[in-house]
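For clarity, every value in this text was computed on a predicted model and none was experimentally measured.
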Amino acid sequence: MAEINFKTDTLASLYYGANATEQLHLNYFRENGTEAIQNDIIALDQRIANFQNAITDGAKVGNEDFPYDADFLKREFMEEVLALMLKSENYRNPGVSYNADGQYLLNGSVVNNFSDLTPDQQKSLLKSGPNEGGHTVYDMYSSWIDAVFAEGNKMKNNPGESVNVVTSISERTLPTANSPDVVYDRVATQKTGQVDANGNPIFRYFLIAKGAPISDINKLTVAGTLNGQAVDSTVATTGNGNTNSIYIEVDQNLQPLVNNAYGFEYNTVNLSPSMYLYYFIEARIRILRGQLNMKEAVTSEIRDDLAKANSAYADLEAQAGKTRAQSADGKTVNPDLSYETQNMDFFEATNATKGDMLYENNGNDDRQNYSEWGSSRSSLKAYIDRKSTQSQDAMLDYQTTLNRFNQAYEVLSKIQEKMDGLVKSQIRNVA
(Lines give C-alpha, C1' and ligand atoms only; values in the text may rest on other atoms or scores of the structure.)
Protein backbone atom coordinates (compact mmCIF):
# COMPACT_ATOMS: atom_id res chain seq x y z
CA MET A 1 0.00 0.00 0.00
CA ALA A 2 1.27 3.44 -0.91
CA GLU A 3 2.33 5.77 1.91
CA ILE A 4 0.63 9.00 0.93
CA ASN A 5 0.84 12.28 2.79
CA PHE A 6 -2.73 13.58 2.54
CA LYS A 7 -3.71 17.19 3.11
CA THR A 8 -6.88 16.27 4.98
CA ASP A 9 -8.22 13.43 7.09
CA THR A 10 -11.18 13.26 4.71
CA LEU A 11 -8.92 12.26 1.83
CA ALA A 12 -7.15 9.73 4.03
CA SER A 13 -10.49 8.24 5.12
CA LEU A 14 -11.60 7.84 1.51
CA TYR A 15 -8.30 6.21 0.60
CA TYR A 16 -8.03 3.79 3.52
CA GLY A 17 -11.76 3.32 4.12
CA ALA A 18 -14.08 4.91 6.65
CA ASN A 19 -15.34 1.67 8.19
CA ALA A 20 -14.20 -1.89 8.75
CA THR A 21 -15.83 -3.25 5.57
CA GLU A 22 -14.27 -0.61 3.30
CA GLN A 23 -10.88 -1.02 4.96
CA LEU A 24 -11.03 -4.80 4.56
CA HIS A 25 -11.77 -4.68 0.84
CA LEU A 26 -9.34 -1.86 0.04
CA ASN A 27 -6.52 -3.55 1.95
CA TYR A 28 -7.21 -6.86 0.22
CA PHE A 29 -7.16 -5.22 -3.22
CA ARG A 30 -3.85 -3.49 -2.53
CA GLU A 31 -2.02 -6.25 -0.71
CA ASN A 32 -3.12 -9.62 -2.12
CA GLY A 33 -2.26 -9.45 -5.79
CA THR A 34 1.01 -10.46 -7.39
CA GLU A 35 4.03 -8.30 -6.64
CA ALA A 36 3.71 -6.69 -10.08
CA ILE A 37 0.04 -5.82 -9.49
CA GLN A 38 0.80 -4.44 -6.03
CA ASN A 39 3.52 -2.22 -7.48
CA ASP A 40 1.16 -1.03 -10.21
CA ILE A 41 -1.46 -0.15 -7.58
CA ILE A 42 1.08 1.79 -5.51
CA ALA A 43 2.17 3.74 -8.60
CA LEU A 44 -1.44 4.46 -9.59
CA ASP A 45 -2.42 5.58 -6.08
CA GLN A 46 0.50 8.01 -5.92
CA ARG A 47 -0.32 9.44 -9.34
CA ILE A 48 -3.90 10.07 -8.24
CA ALA A 49 -2.84 11.56 -4.89
CA ASN A 50 -0.54 14.05 -6.63
CA PHE A 51 -3.63 15.92 -7.82
CA GLN A 52 -4.49 17.02 -4.26
CA ASN A 53 -2.08 19.91 -4.92
CA ALA A 54 -3.06 20.48 -8.57
CA ILE A 55 -5.64 22.90 -9.92
CA THR A 56 -7.61 21.04 -12.60
CA ASP A 57 -10.21 23.79 -13.08
CA GLY A 58 -9.29 25.96 -16.04
CA ALA A 59 -6.82 23.43 -17.42
CA LYS A 60 -6.73 22.64 -21.12
CA VAL A 61 -9.97 20.90 -22.07
CA GLY A 62 -9.31 17.25 -22.79
CA ASN A 63 -10.47 15.10 -25.69
CA GLU A 64 -10.05 11.49 -26.79
CA ASP A 65 -6.62 12.20 -28.24
CA PHE A 66 -5.51 14.34 -25.28
CA PRO A 67 -7.37 12.89 -22.26
CA TYR A 68 -5.80 15.00 -19.54
CA ASP A 69 -8.44 17.19 -17.98
CA ALA A 70 -10.26 16.20 -14.78
CA ASP A 71 -13.07 14.25 -16.48
CA PHE A 72 -10.82 12.29 -18.83
CA LEU A 73 -8.20 11.72 -16.15
CA LYS A 74 -10.81 10.22 -13.85
CA ARG A 75 -11.95 7.96 -16.66
CA GLU A 76 -8.37 6.86 -17.29
CA PHE A 77 -7.73 6.21 -13.59
CA MET A 78 -10.94 4.20 -13.17
CA GLU A 79 -10.11 2.11 -16.24
CA GLU A 80 -6.73 1.31 -14.68
CA VAL A 81 -8.43 0.32 -11.41
CA LEU A 82 -10.76 -1.94 -13.39
CA ALA A 83 -7.85 -3.49 -15.30
CA LEU A 84 -5.97 -4.24 -12.09
CA MET A 85 -9.01 -6.02 -10.64
CA LEU A 86 -9.71 -7.98 -13.83
CA LYS A 87 -6.18 -9.37 -13.76
CA SER A 88 -7.17 -11.24 -10.59
CA GLU A 89 -9.60 -14.14 -10.39
CA ASN A 90 -10.69 -12.73 -7.04
CA TYR A 91 -12.64 -9.97 -8.80
CA ARG A 92 -13.50 -11.20 -12.30
CA ASN A 93 -17.15 -11.90 -12.99
CA PRO A 94 -17.50 -15.57 -14.08
CA GLY A 95 -18.43 -14.30 -17.55
CA VAL A 96 -15.01 -12.70 -17.83
CA SER A 97 -12.28 -15.28 -18.22
CA TYR A 98 -9.02 -16.24 -19.85
CA ASN A 99 -9.24 -19.21 -22.21
CA ALA A 100 -6.72 -21.99 -22.36
CA ASP A 101 -4.36 -19.89 -24.42
CA GLY A 102 -4.44 -17.09 -21.85
CA GLN A 103 -6.50 -14.68 -23.92
CA TYR A 104 -8.78 -12.07 -22.48
CA LEU A 105 -12.44 -12.74 -23.30
CA LEU A 106 -15.83 -11.39 -22.24
CA ASN A 107 -18.84 -13.59 -22.90
CA GLY A 108 -17.10 -14.96 -25.96
CA SER A 109 -16.19 -11.54 -27.39
CA VAL A 110 -12.91 -9.69 -27.08
CA VAL A 111 -13.01 -6.62 -24.84
CA ASN A 112 -11.04 -4.05 -26.78
CA ASN A 113 -11.84 -0.77 -25.09
CA PHE A 114 -13.02 0.05 -21.55
CA SER A 115 -13.86 3.60 -22.68
CA ASP A 116 -16.82 2.19 -24.62
CA LEU A 117 -18.36 1.03 -21.34
CA THR A 118 -20.32 3.11 -18.84
CA PRO A 119 -19.25 2.90 -15.18
CA ASP A 120 -22.12 0.48 -14.50
CA GLN A 121 -21.07 -1.68 -17.45
CA GLN A 122 -17.51 -1.67 -16.17
CA LYS A 123 -18.70 -2.75 -12.73
CA SER A 124 -20.70 -5.57 -14.34
CA LEU A 125 -17.38 -7.18 -15.28
CA LEU A 126 -16.70 -7.65 -11.55
CA LYS A 127 -18.15 -10.11 -9.09
CA SER A 128 -21.12 -8.56 -7.33
CA GLY A 129 -21.64 -10.81 -4.30
CA PRO A 130 -22.03 -9.13 -0.87
CA ASN A 131 -18.56 -10.18 0.21
CA GLU A 132 -16.73 -9.97 -3.12
CA GLY A 133 -15.45 -6.41 -2.68
CA GLY A 134 -14.99 -5.43 -6.32
CA HIS A 135 -17.87 -2.99 -6.43
CA THR A 136 -16.85 -1.49 -3.09
CA VAL A 137 -13.29 -0.89 -4.29
CA TYR A 138 -14.51 0.56 -7.59
CA ASP A 139 -16.92 2.98 -5.88
CA MET A 140 -14.37 3.99 -3.22
CA TYR A 141 -11.80 4.86 -5.86
CA SER A 142 -14.39 6.90 -7.75
CA SER A 143 -15.23 8.92 -4.62
CA TRP A 144 -11.58 9.31 -3.65
CA ILE A 145 -10.60 10.64 -7.09
CA ASP A 146 -13.43 13.19 -7.01
CA ALA A 147 -12.31 14.36 -3.54
CA VAL A 148 -8.66 14.62 -4.62
CA PHE A 149 -9.56 16.85 -7.57
CA ALA A 150 -11.86 18.96 -5.38
CA GLU A 151 -9.09 19.45 -2.80
CA GLY A 152 -6.61 20.53 -5.46
CA ASN A 153 -9.05 23.08 -6.85
CA LYS A 154 -9.25 24.77 -3.44
CA MET A 155 -5.81 26.21 -4.20
CA LYS A 156 -7.39 28.59 -6.71
CA ASN A 157 -9.64 30.08 -4.00
CA ASN A 158 -6.76 32.10 -2.67
CA PRO A 159 -6.47 34.30 -0.71
CA GLY A 160 -9.26 33.09 1.50
CA GLU A 161 -9.85 36.39 3.35
CA SER A 162 -11.11 39.79 2.23
CA VAL A 163 -8.49 42.38 3.09
CA ASN A 164 -8.07 46.12 2.63
CA VAL A 165 -4.91 48.06 1.90
CA VAL A 166 -4.51 50.90 4.41
CA THR A 167 -2.43 54.06 4.08
CA SER A 168 -1.85 56.90 6.56
CA ILE A 169 -3.37 60.35 6.10
CA SER A 170 -3.32 63.58 8.06
CA GLU A 171 -5.59 63.36 11.05
CA ARG A 172 -9.11 64.71 10.62
CA THR A 173 -12.16 64.80 12.87
CA LEU A 174 -15.65 63.78 11.78
CA PRO A 175 -18.82 63.15 13.81
CA THR A 176 -20.39 59.78 14.57
CA ALA A 177 -23.72 58.80 16.06
CA ASN A 178 -22.08 58.53 19.47
CA SER A 179 -19.42 61.21 19.36
CA PRO A 180 -18.94 64.52 17.55
CA ASP A 181 -15.18 64.27 17.38
CA VAL A 182 -13.84 60.91 16.14
CA VAL A 183 -10.31 61.25 14.79
CA TYR A 184 -9.48 59.43 11.55
CA ASP A 185 -5.86 58.91 10.53
CA ARG A 186 -5.92 56.25 7.79
CA VAL A 187 -7.82 55.37 4.64
CA ALA A 188 -8.74 51.83 3.52
CA THR A 189 -9.10 51.02 -0.18
CA GLN A 190 -11.50 48.22 -1.00
CA LYS A 191 -11.83 46.41 -4.32
CA THR A 192 -15.37 46.17 -5.70
CA GLY A 193 -14.66 43.80 -8.58
CA GLN A 194 -16.34 46.27 -10.95
CA VAL A 195 -14.89 48.48 -13.71
CA ASP A 196 -15.91 51.86 -15.13
CA ALA A 197 -16.74 52.68 -18.75
CA ASN A 198 -13.02 52.85 -19.57
CA GLY A 199 -12.31 49.46 -18.05
CA ASN A 200 -10.59 50.86 -14.96
CA PRO A 201 -11.25 49.10 -11.64
CA ILE A 202 -13.68 50.78 -9.26
CA PHE A 203 -12.74 51.06 -5.58
CA ARG A 204 -14.50 52.10 -2.38
CA TYR A 205 -12.70 54.22 0.21
CA PHE A 206 -13.19 54.33 3.98
CA LEU A 207 -11.61 56.53 6.60
CA ILE A 208 -10.56 54.52 9.65
CA ALA A 209 -10.66 55.84 13.18
CA LYS A 210 -7.34 56.32 14.93
CA GLY A 211 -6.15 53.27 16.87
CA ALA A 212 -7.74 50.62 14.64
CA PRO A 213 -5.56 47.49 14.50
CA ILE A 214 -3.46 46.67 11.43
CA SER A 215 -2.96 42.99 10.70
CA ASP A 216 0.25 41.13 9.98
CA ILE A 217 0.95 38.16 7.68
CA ASN A 218 2.05 34.67 8.66
CA LYS A 219 3.10 31.72 6.50
CA LEU A 220 1.17 28.66 7.69
CA THR A 221 2.24 25.07 7.06
CA VAL A 222 -0.29 22.37 6.20
CA ALA A 223 1.21 19.40 7.99
CA GLY A 224 -0.66 16.60 6.22
CA THR A 225 -1.46 13.17 7.64
CA LEU A 226 1.87 11.33 7.35
CA ASN A 227 4.10 11.84 10.41
CA GLY A 228 3.38 15.55 10.41
CA GLN A 229 5.30 16.10 7.18
CA ALA A 230 4.46 19.36 5.41
CA VAL A 231 2.29 18.91 2.32
CA ASP A 232 1.29 22.52 1.59
CA SER A 233 1.59 26.07 2.91
CA THR A 234 -0.70 29.07 2.93
CA VAL A 235 -0.58 32.71 3.98
CA ALA A 236 -3.01 34.18 6.48
CA THR A 237 -3.51 37.42 8.36
CA THR A 238 -2.90 37.65 12.09
CA GLY A 239 -3.29 40.19 14.86
CA ASN A 240 -6.68 41.64 13.96
CA GLY A 241 -8.67 39.77 16.60
CA ASN A 242 -12.35 40.58 16.90
CA THR A 243 -11.87 44.30 17.44
CA ASN A 244 -14.50 46.56 15.86
CA SER A 245 -13.29 49.88 14.50
CA ILE A 246 -15.09 52.97 13.28
CA TYR A 247 -15.24 53.58 9.52
CA ILE A 248 -16.87 56.18 7.30
CA GLU A 249 -17.17 55.87 3.53
CA VAL A 250 -15.62 58.65 1.49
CA ASP A 251 -14.93 59.43 -2.17
CA GLN A 252 -11.50 59.29 -3.75
CA ASN A 253 -10.87 62.83 -2.50
CA LEU A 254 -11.53 61.55 1.03
CA GLN A 255 -14.77 63.53 1.44
CA PRO A 256 -17.77 61.78 3.05
CA LEU A 257 -20.14 60.41 0.43
CA VAL A 258 -23.09 61.66 2.46
CA ASN A 259 -23.01 65.04 4.16
CA ASN A 260 -23.08 64.82 7.94
CA ALA A 261 -22.82 61.04 7.72
CA TYR A 262 -21.96 59.19 10.88
CA GLY A 263 -19.23 56.62 11.11
CA PHE A 264 -20.14 52.97 11.71
CA GLU A 265 -18.54 50.15 13.62
CA TYR A 266 -17.19 47.26 11.60
CA ASN A 267 -14.65 44.45 11.83
CA THR A 268 -12.40 44.02 8.81
CA VAL A 269 -8.85 43.01 8.01
CA ASN A 270 -6.52 45.88 7.20
CA LEU A 271 -3.00 45.55 5.84
CA SER A 272 -0.21 48.02 5.23
CA PRO A 273 0.73 48.49 1.55
CA SER A 274 3.85 46.34 1.92
CA MET A 275 1.97 43.52 3.68
CA TYR A 276 -0.86 43.81 1.15
CA LEU A 277 1.60 43.28 -1.71
CA TYR A 278 3.26 40.39 0.09
CA TYR A 279 -0.12 38.81 0.84
CA PHE A 280 -1.31 38.84 -2.75
CA ILE A 281 2.02 37.88 -4.29
CA GLU A 282 2.13 34.84 -1.98
CA ALA A 283 -1.46 34.08 -2.98
CA ARG A 284 -0.55 34.33 -6.66
CA ILE A 285 2.46 32.08 -6.13
CA ARG A 286 0.25 29.44 -4.53
CA ILE A 287 -2.24 29.57 -7.41
CA LEU A 288 0.62 29.27 -9.90
CA ARG A 289 1.99 26.38 -7.84
CA GLY A 290 -1.34 24.57 -8.23
CA GLN A 291 -1.39 25.26 -11.98
CA LEU A 292 2.23 24.17 -12.27
CA ASN A 293 1.47 20.94 -10.43
CA MET A 294 -1.30 20.26 -12.94
CA LYS A 295 1.08 20.81 -15.87
CA GLU A 296 3.64 18.57 -14.20
CA ALA A 297 1.05 15.86 -13.56
CA VAL A 298 -0.13 15.93 -17.18
CA THR A 299 3.46 15.62 -18.38
CA SER A 300 3.93 12.67 -16.03
CA GLU A 301 0.71 11.03 -17.25
CA ILE A 302 1.86 11.28 -20.87
CA ARG A 303 5.23 9.77 -19.95
CA ASP A 304 3.38 6.95 -18.16
CA ASP A 305 1.29 6.31 -21.28
CA LEU A 306 4.44 6.28 -23.39
CA ALA A 307 6.20 3.82 -21.08
CA LYS A 308 3.23 1.45 -21.22
CA ALA A 309 2.97 1.85 -25.00
CA ASN A 310 6.63 0.96 -25.44
CA SER A 311 6.17 -2.09 -23.23
CA ALA A 312 3.20 -3.17 -25.35
CA TYR A 313 5.24 -2.52 -28.50
CA ALA A 314 8.03 -4.78 -27.25
CA ASP A 315 5.44 -7.54 -26.70
CA LEU A 316 4.01 -6.92 -30.16
CA GLU A 317 7.40 -7.37 -31.82
CA ALA A 318 8.04 -10.56 -29.87
CA GLN A 319 4.67 -12.01 -30.87
CA ALA A 320 4.91 -10.82 -34.46
CA GLY A 321 8.28 -12.54 -34.69
CA LYS A 322 6.53 -15.88 -34.28
CA THR A 323 4.75 -15.51 -37.64
CA ARG A 324 5.87 -15.63 -41.29
CA ALA A 325 4.76 -13.85 -44.44
CA GLN A 326 4.34 -17.18 -46.22
CA SER A 327 4.88 -20.88 -45.73
CA ALA A 328 8.20 -22.58 -46.39
CA ASP A 329 6.96 -23.87 -49.73
CA GLY A 330 5.71 -20.44 -50.68
CA LYS A 331 2.19 -21.65 -51.27
CA THR A 332 0.44 -20.28 -48.18
CA VAL A 333 0.39 -16.55 -47.32
CA ASN A 334 0.38 -15.71 -43.60
CA PRO A 335 0.51 -19.34 -42.49
CA ASP A 336 1.09 -18.69 -38.77
CA LEU A 337 -0.91 -17.09 -35.96
CA SER A 338 0.25 -15.79 -32.59
CA TYR A 339 -1.61 -14.27 -29.67
CA GLU A 340 -1.61 -10.80 -28.17
CA THR A 341 -0.22 -10.79 -24.64
CA GLN A 342 -2.15 -9.85 -21.52
CA ASN A 343 0.01 -6.74 -21.31
CA MET A 344 -1.05 -5.76 -24.84
CA ASP A 345 -4.71 -6.53 -24.15
CA PHE A 346 -4.97 -4.33 -21.10
CA PHE A 347 -2.96 -1.54 -22.70
CA GLU A 348 -5.45 -1.43 -25.57
CA ALA A 349 -8.42 -1.64 -23.20
CA THR A 350 -7.23 1.33 -21.13
CA ASN A 351 -5.58 3.51 -23.79
CA ALA A 352 -7.55 3.16 -27.02
CA THR A 353 -9.75 6.14 -27.82
CA LYS A 354 -13.48 5.69 -27.36
CA GLY A 355 -15.06 3.77 -30.22
CA ASP A 356 -11.70 2.68 -31.58
CA MET A 357 -9.12 -0.10 -31.30
CA LEU A 358 -5.34 -0.11 -31.40
CA TYR A 359 -4.78 -3.56 -32.85
CA GLU A 360 -6.09 -5.42 -35.84
CA ASN A 361 -9.21 -7.33 -34.80
CA ASN A 362 -9.92 -9.42 -37.88
CA GLY A 363 -11.97 -12.41 -36.78
CA ASN A 364 -12.84 -10.79 -33.44
CA ASP A 365 -10.08 -12.68 -31.65
CA ASP A 366 -6.69 -12.12 -30.08
CA ARG A 367 -4.78 -13.98 -32.78
CA GLN A 368 -2.93 -12.19 -35.56
CA ASN A 369 -1.02 -13.34 -38.61
CA TYR A 370 1.98 -11.69 -40.23
CA SER A 371 -0.04 -9.08 -42.15
CA GLU A 372 -2.28 -8.30 -39.20
CA TRP A 373 0.72 -7.75 -36.95
CA GLY A 374 1.97 -5.24 -39.51
CA SER A 375 -1.28 -3.29 -39.26
CA SER A 376 -1.21 -3.40 -35.46
CA ARG A 377 2.42 -2.30 -35.47
CA SER A 378 1.54 0.76 -37.58
CA SER A 379 -1.32 1.72 -35.23
CA LEU A 380 0.80 1.39 -32.11
CA LYS A 381 3.70 3.33 -33.65
CA ALA A 382 1.28 6.13 -34.58
CA TYR A 383 0.07 6.18 -30.96
CA ILE A 384 3.65 6.39 -29.68
CA ASP A 385 4.53 9.15 -32.15
CA ARG A 386 1.45 11.13 -31.12
CA LYS A 387 2.22 10.79 -27.43
CA SER A 388 5.85 11.79 -28.03
CA THR A 389 4.68 14.99 -29.69
CA GLN A 390 2.21 15.62 -26.87
CA SER A 391 4.97 15.09 -24.33
CA GLN A 392 7.08 17.80 -25.96
CA ASP A 393 4.12 20.19 -26.13
CA ALA A 394 3.25 19.49 -22.49
CA MET A 395 6.83 20.23 -21.44
CA LEU A 396 6.71 23.59 -23.26
CA ASP A 397 3.39 24.36 -21.56
CA TYR A 398 4.92 23.40 -18.21
CA GLN A 399 7.95 25.63 -18.88
CA THR A 400 5.70 28.61 -19.66
CA THR A 401 3.89 28.25 -16.33
CA LEU A 402 7.19 27.65 -14.53
CA ASN A 403 8.51 30.95 -15.93
CA ARG A 404 5.47 32.78 -14.56
CA PHE A 405 5.94 31.04 -11.23
CA ASN A 406 9.60 32.07 -11.06
CA GLN A 407 8.73 35.64 -12.07
CA ALA A 408 6.30 35.90 -9.16
CA TYR A 409 9.07 34.84 -6.78
CA GLU A 410 11.41 37.33 -8.41
CA VAL A 411 8.91 40.15 -7.84
CA LEU A 412 8.56 39.11 -4.20
CA SER A 413 12.34 39.02 -3.80
CA LYS A 414 12.72 42.53 -5.25
CA ILE A 415 10.03 43.90 -2.94
CA GLN A 416 11.77 42.37 0.07
CA GLU A 417 15.09 43.77 -1.12
CA LYS A 418 13.64 47.28 -1.47
CA MET A 419 11.93 47.07 1.91
CA ASP A 420 15.19 45.95 3.50
CA GLY A 421 17.05 48.85 1.89
CA LEU A 422 14.39 51.32 3.01
CA VAL A 423 14.48 50.12 6.62
CA LYS A 424 18.27 50.24 6.73
CA SER A 425 18.37 53.76 5.29
CA GLN A 426 15.84 54.94 7.85
CA ILE A 427 17.92 53.43 10.66
CA ARG A 428 20.99 55.26 9.38
CA ASN A 429 19.04 58.53 9.24
CA VAL A 430 17.81 58.05 12.81
CA ALA A 431 21.32 57.23 14.00
Side-chain angles (χ1 to χ4, degrees), residues 14-15 17 21-22 24-34 36-45 47-48 64 67 71-146 304-305 308-309 311-312 315 339-359 361 363-367:
L14 286 169
Y15 178 70
T21 299
E22 292 174 352
L24 174 68
H25 290 310
L26 287 167
N27 287 342
Y28 188 86
F29 169 63
R30 292 169 180 146
E31 297 178 357
N32 286 274
T34 66
I37 289 177
Q38 289 184 49
N39 289 336
D40 286 343
I41 293 172
I42 289 172
L44 173 62
D45 289 353
R47 283 164 48 211
I48 295 171
E64 290 293 337
D71 291 338
F72 277 98
L73 281 166
K74 181 180 179 181
R75 189 187 77 178
E76 298 274 303
F77 288 147
M78 291 307 301
E79 289 176 4
E80 290 188 50
V81 171
L82 177 65
L84 288 164
M85 282 194 281
L86 290 178
K87 289 179 180 180
S88 170
E89 293 183 359
N90 295 321
Y91 295 106
R92 286 199 303 268
N93 186 303
V96 182
S97 62
Y98 289 87
N99 66 14
D101 295 297
Q103 308 315 303
Y104 181 60
L105 304 175
L106 169 62
N107 297 328
S109 300
V110 178
V111 177
N112 299 109
N113 192 342
F114 291 157
S115 298
D116 291 334
L117 307 177
T118 66
D120 284 342
Q121 288 172 328
Q122 291 183 7
K123 288 170 64 175
S124 73
L125 305 181
L126 304 170
K127 293 178 181 178
S128 57
N131 299 316
E132 302 293 354
H135 286 201
T136 298
V137 171
Y138 188 97
D139 290 338
M140 288 298 298
Y141 265 85
S142 179
S143 298
W144 177 49
I145 292 168
D146 288 340
D304 183 76
D305 289 342
K308 291 174 179 174
S311 176
D315 281 6
Y339 285 101
E340 297 168 14
T341 66
Q342 183 191 102
N343 181 40
M344 292 179 63
D345 284 335
F346 280 109
F347 175 77
E348 180 180 42
T350 56
N351 290 82
T353 58
K354 189 173 184 178
D356 201 2
M357 295 179 294
L358 277 172
Y359 313 134
N361 194 34
N364 195 33
D365 60 26
D366 258 6
R367 297 182 301 171

Participant: Working to the nearest 0.5 angstrom, can you tell me the gap between N361 CG and N112 CG?
Facilitator: 4.5 Å
Participant: Which of these passes side chain to side chain contact (heavy atoms under 4.5 Å, CB included) with F347: D305, D315, L358?
Facilitator: L358
Participant: Pair up each side-chain donor or acceptor in residues 125-138 with any protein partner under 3.5 Å, not counting sequence neighbours, and list the distances.
Facilitator:
unit_1	atom_1	unit_2	atom_2	d
K127	NZ	E89	O	3.1
H135	NE2	K123	O	2.9
Y138	OH	Q122	OE1	2.8

Participant: Distance check, rounded to the nearest 0.5 Å: F72 atom CZ versus K354 atom NZ?
Facilitator: 8.5 Å
Participant: Which heavy-atom pair separates S115 from E79 by the least distance, and what is that distance?
Facilitator: OG-OE2, 2.6 Å
Participant: My understanding is that only residues two or more places apart in sequence, or in another chain, count here; which of them pass side chain to side chain donor-acceptor pair (under 3.5 Å) with S311?
Facilitator: N343
Participant: Determine, step by step, whether Y28 and Y91 satisfy the side-chain contact (heavy atoms from CB on, under 4.5 Å) criterion, reporting the C-alpha distance in whole Å, the side-chain angles of both residues, the deciding distance to 0.1 Å, and the verdict.
Facilitator: CA-CA 11 Å; Y28 188 86; Y91 295 106; 3.4 Å; yes
Participant: Closer than 3.5 angstrom, by distance alone: can the side chain of D356 be matched with the main-chain N or O of A352 as a donor-acceptor pair?
Facilitator: no
Participant: Mind checking whether D45 and I41 have side chains closer than 4.5 Å, heavy atoms only?
Facilitator: yes
Participant: Within the side chain of S88, is there an N or O that forms a donor-acceptor pair under 3.5 Å with the backbone of L84?
Facilitator: no
Participant: Find the distance between CG (D304) and CD (E76) and round it off to the nearest 0.5 Å.
Facilitator: 10.0 Å
Participant: Please determine which of R75, R47, K74 meets the salt bridge (charged side-chain N to carboxylate O under 4.0 Å, His left out) test together with E80.
Facilitator: R47
Participant: Take the angle between the ring planes of Y141 and F29 and call it parallel below 30°, perpendicular above 60°, tilted in between.
Facilitator: perpendicular
Participant: Supply the atom-to-atom distance L26 CG to E31 CD, rounded to the nearest 0.5 angstrom.
Facilitator: 10.5 Å
Participant: Taking the side chain as every heavy atom from C-beta outward, state whether L86 and F346 have any atom pair closer than 4.5 Å.
Facilitator: yes
Participant: Between atom NZ of K308 and atom OG1 of T350, what is the distance when rounded to the nearest 0.5 Å?
Facilitator: 6.5 Å
Participant: So, N93 side chain and S124 main chain: donor-acceptor pair closer than 3.5 Å or not?
Facilitator: yes
Participant: Measuring from atom CG of L14 to atom CD1 of I145, what distance do you get when rounded to the nearest 0.5 angstrom?
Facilitator: 11.0 Å
Participant: For E348, is there any backbone N or O sitting under 3.5 Å from a side-chain donor or acceptor partner on N113?
Facilitator: no
Participant: Given 3.5 Å as the limit, does a donor-acceptor pair link the side chain of E22 with the main chain of M140, or not?
Facilitator: no
